[in-house]
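Working notes, structure below.
No hydrogens, no waters, no symmetry mates; every other heavy atom, side chains included, goes into these values.
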Amino acid sequence: RLMVLPGAPRSLELDKKSVTVVLKNDERVELVRELRYFSDYAGKSFGLTGVDLSGKKRQFVFHKAQFGEESKFTGIRSRLAVYK
């Protein structure tokens with residue numbers, strides 16, 4: 001699906017004031033303003049939106065299978081809950 005495209009998110013790096021998304025093409029997108037976290041009702045994925053350093057609004061969707069272990073997925077979801 002969309003996870004094979006070069007612009008697909010590969011990993012997350014969480015800071016206190018920003019979230020960095022590393023894409024498959026090794027581009028790093030740092031979301032610094034208007035960060036919002038959206039979880040789905042089934043608990044299998046979540047969305048992340050925000051404005052990057054250049055002022056462009058960006059959106060990303062992460063799926064449970066991208067994290068390997070369920071404990072990593074739930075840990076990241078709990079840390080991102082402050083952006084709801």
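The CG atom of Leu31 sits 13.5 Å away from the CZ atom of Arg36 when rounded to the nearest 0.5 Å. Separating the NZ atom in Lys72 from the CG atom in Leu12 is a distance of 12.5 Å, to the nearest 0.5 Å. Taking CG of Leu14 as the reference point, atom CZ of Arg79 lies at 4.5 Å (rounded to 0.5 Å). Distance check: Arg33 CZ to Leu53 CG gives 9.0 Å after rounding to the nearest 0.5 Å.
In the hydrophobic clustering of this structure, Leu23 groups with Ile76; members are Ile, Leu, Val, Met, Phe, Trp, Tyr whose side-chain heavy atoms approach within less than 4.5 Å, directly or through other members. When the side chains of ILVMFWY residues are joined at heavy-atom separations under 4.5 Å, either directly or via intervening members, Val21 and Val32 end up in two distinct hydrophobic clusters. Hydrophobic cluster membership differs between Val61 and Leu48, with clusters built from Ile, Leu, Val, Met, Phe, Trp and Tyr side chains linked at under 4.5 angstrom.
Under the 6.0 Å cut-off for aromatic ring centres, Phe67 and Phe73 qualify, their centroids lying closer than that.
For the pair Arg28 and Glu13, the minimum side-chain heavy-atom distance is below 4.5 Å. Looking at heavy atoms from C-beta onward, Arg10 lies in side-chain contact with Asp26 at the 4.5 angstrom threshold. By the 4.5 Å heavy-atom criterion applied to side chains, Lys44 and His63 are not counted as neighbours. Within the 4.5 Å cutoff, no side-chain heavy atoms of Asp15 are placed close to those of Val19.
Here the shortest heavy-atom pairing between Tyr37 and Arg77 reads OH-NE, 3.2 Å. For Ser39 against Lys84, the heavy-atom pair with the smallest separation is OG-NZ, 3.8 Å.
Without hydrogens or angle criteria, Gln66 side chain to Ser11 main chain gives no donor-acceptor distance under 3.5 Å.
For the residue pair Ser18 / Glu30, a side-chain donor-acceptor distance below 3.5 Å is found, with atom types taken as modelled.
Glu27 CD: more than 12 foreign heavy atoms inside a 6.0 Å radius.
Salt-bridge check for Lys57 with Asp52: failed, with every basic side-chain N at 4.0 Å or more from each acidic carboxylate O.
Among Phe60, Tyr41, Phe62, Phe38, the one residue that satisfies the ring-ring contact (aromatic ring centres under 6.0 Å, His included) test with Phe46 is Phe62.
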